[in-house]
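Comments concern the structure below.
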Protein chains: 2
Amino acid sequence: MENRTVILNCALELFAARGYDAVGVQEIAEAAGVTKPTLYHYFGSKLGLLHTLVETYHEPFLQRVELAAHYDGDLPRTLVETGAVFFHFARENPVYYRLQLALNFSPRGSEPWQVIAVWNERQRAQFETLFREAVRDHGNMHGRYVYYAAAFAGLINTCIGLWLNGSVELDEELLRSAMRQFQYGIYS
Amino acid sequence: MENRTVILNCALELFAARGYDAVGVQEIAEAAGVTKPTLYHYFGSKLGLLHTLVETYHEPFLQRVELAAHYDGDLPRTLVETGAVFFHFARENPVYYRLQLALNFSPRGSEPWQVIAVWNERQRAQFETLFREAVRDHGNMHGRYVYYAAAFAGLINTCIGLWLNGSVELDEELLRSAMRQFQYGIYS
DNA sequence: AACTCACTATACCGTCCGGTATAGTATCTG
DNA sequence: CAGATACTATACCGGACGGTATAGTGAGTT
């Protein structure tokens with residue numbers, strides 16, 4: 001495995017476990033078995049390393065979300081499929097998902113936050129589009145698509161957060177029951 | 001106002017805006033118009049300052065939650081009252097609520113995380129007690145009180161997070177609709 | 001007046017941080 | 001063999017960090 005990949009993997013583990021700020025460039029380099037200039041050769045800066053890391057994971061992820069979240073008239077099915085994409089991605093990349101969650105709650109405007117913000121914005125737009133289109137078919141949802149999009153994302157992240165802490169199993173059953181709970185609330 | 005209080009207020013603002021790690025002791029002291037030794041006289045360490053800060057806000061808050069979350073047979077009313085305590089506290093102390101949320105997503109095991117963890121554990125226990133007792137009256141909830149407690153907390157924090165970002169109004173209407181959505185999911 | 005005690009200012013400590021200047025090596029191309 | 005390119009090692013920079021040793025200062029007590 002090339003040094004570049006080794007550095008990315010080590011940085012992911014360290015950032016997720018102890019936070020972007022708390023991990024030094026020196027430490028990442030040592031864990032990867034290289035020296036600092038090598039790291040700076042590949043990524044330019046500590047922030048550039050984080051940027052590459054996030055892009056590597058988030059770009060293909062959001063592409064899959066894009067497909068699943070496309071509304072075609074069957075909202076329940078769309079929600080389940082979208083939730084399934086999130087659950088699947090979290091199960092495949094638990095360490096990255098933890099990092100991504102932490103990044104979302106770093107101080108607004110800080111450098112790590114800006115790195116994740118652009119991807120977050122894209123995901124938010126996907127969800128809002130989904131619920132805005134679904135409004136046409138469900139009159140009682142009018143004007144609340146912003147709230148529904150955020151609540152839907154919040155519910156998914158609550159489930160994944162619970163799983164990351166070992167409190168629940170992230171399986172088909174949880175997916176179905178969580179999506180059902182969400183929809184019962186919507187249609188009322 | 002005494003220096004001690006001024007330091008606490010300044011630390012709250014700075015920690016909430018830029019994060020515990022990113023704010024230096026020097027900066028807090030300057031903002032409060034005192035010098036570092038004064039700060040260390042009152043709080044012993046940077047972490048001690050955070051500890052005092054969290055305790056000052058969280059202790060009375062959780063006392064009020066304790067009262068509201070006491071189950072007396074009327075789950076819908078209890079949930080609304082509990083949610084109302086959270087909404088009210090967040091509206092009264094938005095800056096602290098933002099800090100507290102961020103602290104929850106700092107790296108597990110890190111010093112800032114440990115400070116908030118003990119209060120979080122207490123709140124989790126309160127919610128789990130509530131739902132465990134409610135299970136007796138609602139057979140279809142058996143064995144899921146851990147999930148319900150976490151999902152309830154997640155929903156509340158999703159609402160408050162939306163309000164902190166200016167996306168929604170944190171009013172009675174949102175409270176009612178969010179609690180209704182949660183319960184429709186439970187009773188199904 | 002003498003003493004205590006709570007508090008504050010000056011100046012400093014060692015350590016670690018992100019980042020870089022410089023020099024070198026291995027590999028591929030001609 | 002000569003040269004270029006891509007990568008890596010040694011050693012260092014200025015600065016900011018959390019924390020402290022020392023020396024006061026002012027108010028209350030006896």
Side-chain angles (χ1 to χ4, degrees), chain A residues 1-56 99 102-103 106-107 109-117, chain B residues 1-56 99 102-103 106-107 109-117:
Chain A
M1 198 157 51
E2 304 93 6
N3 279 338
R4 202 188 109 101
T5 312
V6 176
I7 294 171
L8 276 175
N9 289 347
C10 289
L12 171 58
E13 293 287 341
L14 288 169
F15 285 161
R18 310 222 318 278
Y20 174 80
D21 283 321
V23 176
V25 175
Q26 179 81 40
E27 191 177 358
I28 300 169
E30 280 174 8
V34 301
T35 56
K36 278 206 291 180
T38 302
L39 189 150
Y40 277 89
H41 169 73
Y42 285 116
F43 304 104
S45 69
K46 186 185 179 184
L47 202 64
L49 170 56
L50 179 66
H51 188 83
T52 303
L53 198 53
V54 169
E55 190 175 29
T56 303
L99 170 63
L103 252 30
S106 46
S110 71
E111 290 178 333
W113 181 84
Q114 289 180 29
V115 170
I116 200 70
Chain B
M1 196 159 50
E2 305 94 6
N3 279 337
R4 203 187 109 101
T5 312
V6 177
I7 294 172
L8 276 176
N9 290 346
C10 290
L12 172 59
E13 292 287 342
L14 288 169
F15 285 161
R18 308 222 318 279
Y20 174 80
D21 284 320
V23 176
V25 175
Q26 179 81 42
E27 190 177 359
I28 300 170
E30 280 174 8
V34 301
T35 56
K36 278 206 289 180
T38 301
L39 188 150
Y40 278 88
H41 169 75
Y42 284 118
F43 304 104
S45 68
K46 185 185 180 185
L47 202 64
L49 170 56
L50 180 65
H51 188 84
T52 304
L53 197 52
V54 169
E55 189 175 29
T56 303
L99 170 62
L103 252 30
S106 46
S110 71
E111 290 177 333
W113 182 85
Q114 288 179 30
V115 170
I116 200 71

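Residue numbers begin at 1 in each chain, while the letters A, B, ... track the order of the sequences.
- Taking atom NE2 on H41(A) and atom P on dT25(C), their separation rounds to 18 Å, with Å as the unit.
- Among the nucleotides dG18(D), dA21(D), dT20(C), the one closest to any side-chain atom of Y40(B) is dG18(D).
- Remark: C1' of dG19(D) and CD of E111(B) are 13 Å apart, rounded to the nearest angstrom.
- Atom CD of E2(B) is separated from atom P of dC7(C) by 10 Å (rounded to the nearest Å).
- Rounded to the nearest 0.5 Å, atoms CZ (F15(B)) and CG (L49(B)) are 5.0 Å apart.
- The CD atom of Q26(A) sits 10 Å away from the C1' atom of dC16(C) (whole-angstrom rounding).
- Residues V34(A) and I7(A) are in side-chain contact: their nearest non-hydrogen atoms beyond the backbone lie under 4.5 Å apart.
- Comparing dT20(C), dG19(C), dT10(C) against the side chain of P37(A) picks out dT20(C) as the nearest.
- Of the candidates dA21(C), dG19(D), dG18(C), the closest approach to any side-chain atom of K46(A) belongs to dG18(C).
- With rounding to whole Å, I28(B) atom CD1 is found 10 Å from dC17(D) atom P.
- When the C1' atom of dG18(D) is taken as reference, atom NE2 of H51(B) falls 19 Å away, rounded to whole Å.
- In this structure, the side chains of T38(B) and T35(B) come closer than 4.5 Å at one or more pairs of heavy atoms.
- Counting only heavy atoms from C-beta on, T38(A) has its side chain closest to dA9(D) among dT10(C), dA9(D), dA6(C).
- Side-chain contact between H51(A) and F43(A): absent, with no pair of heavy atoms (C-beta onward) separated by less than 4.5 Å.
- The heavy-atom pair separating Y20(B) from K46(B) by the smallest distance is O-NZ, 3.0 Å.
- Computed from coordinates, the L49(B) CG to dC17(D) C1' distance equals 16 Å when rounded to whole Å.
- In this structure, the nucleotide among dT20(C), dC7(C), dG19(D) sitting nearest to the side chain of Y42(B) is dC7(C).
- Both G44(A) and A22(A) sit near DNA chain C, but only A22(A) has its closest nucleotide nearer the 5' end.
- The interatomic distance linking L39(B) (CG) with dT10(C) (C1') rounds to 17 Å, in whole Å.
- K36(A) contributes a side-chain N or O that forms a donor-acceptor pair with the base of dG19(C) under 3.5 Å.
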